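It should be emphasised that the depicted structure is a prediction, and the values quoted were computed from it without experimental measurement.
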Amino acid sequence: MAKVAQLALGAYYALVITFPLLVFAQAGIPARIVPCDGIDCEVCHLATLAQNLLNAGIFIFIFIAAMLFAYAGFLYLTNEAIGEQQRARSIFKNVAIGLVILLSAWLIIDTLMKTVLKGDFGPWNDVCAVLPR
């Protein structure tokens, strides 16, 4: 009976983890990271590639950060020992610092690219659409 309960709980966790990925499959991460095929690549595809890599990296890091926040919360609530709660607080603090660093780095890169390439508030990888060919 315990084996069946463990199997059912494992299947439930697998469903909980994968269901949001299936629902939001088309939301943010592009279908293809590399925007061109083989020899038909142009210089403008480099900006699109950089944007796709940044977006994919940010989505992956935020997913991992959410998992770490949940793990730290679980540690904090289930362990009453002082050392374990300190470990949970340390995980919370480190993940929060990592998120701040990641999002501020993204903001700096985005502002720099908008300033250098186009100068307005649209997506900076659309600069190739307005340049003459």
Side-chain angles (χ1 to χ4, degrees):
M1 183 66 176
K3 195 78 151 168
V4 173
Q6 285 179 345
L7 186 62
L9 188 61
Y12 172 73
Y13 285 139
L15 182 67
V16 166
I17 289 172
T18 58
F19 188 67
L21 296 175
L22 298 174
V23 171
F24 298 112
Q26 300 298 321
I29 298 177
R32 296 178 52 193
I33 301 276
V34 180
C36 60
D37 292 321
I39 59 172
D40 67 342
C41 294
E42 298 175 357
V43 175
C44 291
H45 289 118
L46 187 62
T48 306
L49 174 66
Q51 181 68 39
N52 291 346
L53 284 174
L54 284 171
N55 287 344
I58 287 171
F59 283 124
I60 290 169
F61 185 79
I62 288 177
F63 177 75
I64 291 171
M67 291 293 147
L68 284 171
F69 275 133
Y71 173 69
F74 177 77
L75 279 180
Y76 191 78
L77 291 176
T78 58
N79 295 319
E80 294 182 9
I82 300 297
E84 291 299 317
Q85 286 188 344
Q86 290 297 331
R87 182 173 164 219
R89 286 183 187 143
S90 171
I91 292 173
F92 273 127
K93 183 180 78 169
N94 290 336
V95 172
I97 289 171
L99 275 173
V100 168
I101 289 172
L102 175 80
L103 294 177
S104 62
W106 175 82
L107 184 63
I108 291 169
I109 290 172
D110 190 56
T111 304
L112 179 69
M113 292 302 285
K114 284 179 183 176
T115 303
V116 168
L117 291 178
K118 197 171 178 184
D120 66 355
F121 291 105
W124 55 265
N125 64 342
D126 286 342
V127 70
C128 294
V130 296
L131 290 178
R133 295 195 183 243

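- Although no hydrogens or angles enter the test, the distance criterion places a donor-acceptor pair under 3.5 Å between the side chain of Ser104 and the main chain of Ile101.
- Expressed to the nearest 0.5 Å, how far CG of Leu99 lies from CG of Leu103 amounts to 6.0 Å.
- Contact detail for Leu68 and Ile91: the closest heavy-atom pair is O-CG2, 3.9 Å.
- No path of Ile, Leu, Val, Met, Phe, Trp and Tyr side chains, each step under 4.5 Å between heavy atoms, connects Phe74 with Phe92, placing them in separate hydrophobic clusters.
- Note that CD1 of Ile58 and CH2 of Trp106 are 6.5 Å apart. Values are rounded to the nearest 0.5 Å.
- Of all non-hydrogen atoms in Ala88 and Ala72, the two that sit nearest each other are CB-O, 3.4 Å.
- One hydrophobic cluster holds both Phe61 and Leu107 under the rule that ILVMFWY side chains link at heavy-atom gaps under 4.5 Å.
- A side chain to side chain contact (heavy atoms under 4.5 Å, CB included) with Tyr76 is found for one member of Arg87, Gln86, Gln85 and no other, namely Gln85.
- Note that the CD1 atom of Ile64 and the CZ atom of Phe69 stand 13.0 Å from one another [nearest 0.5 Å].
- By the ring pair (Phe, Tyr, Trp, His ring centres under 6.0 Å) test, Tyr71 pairs with no residue at all, sequence neighbours left out.
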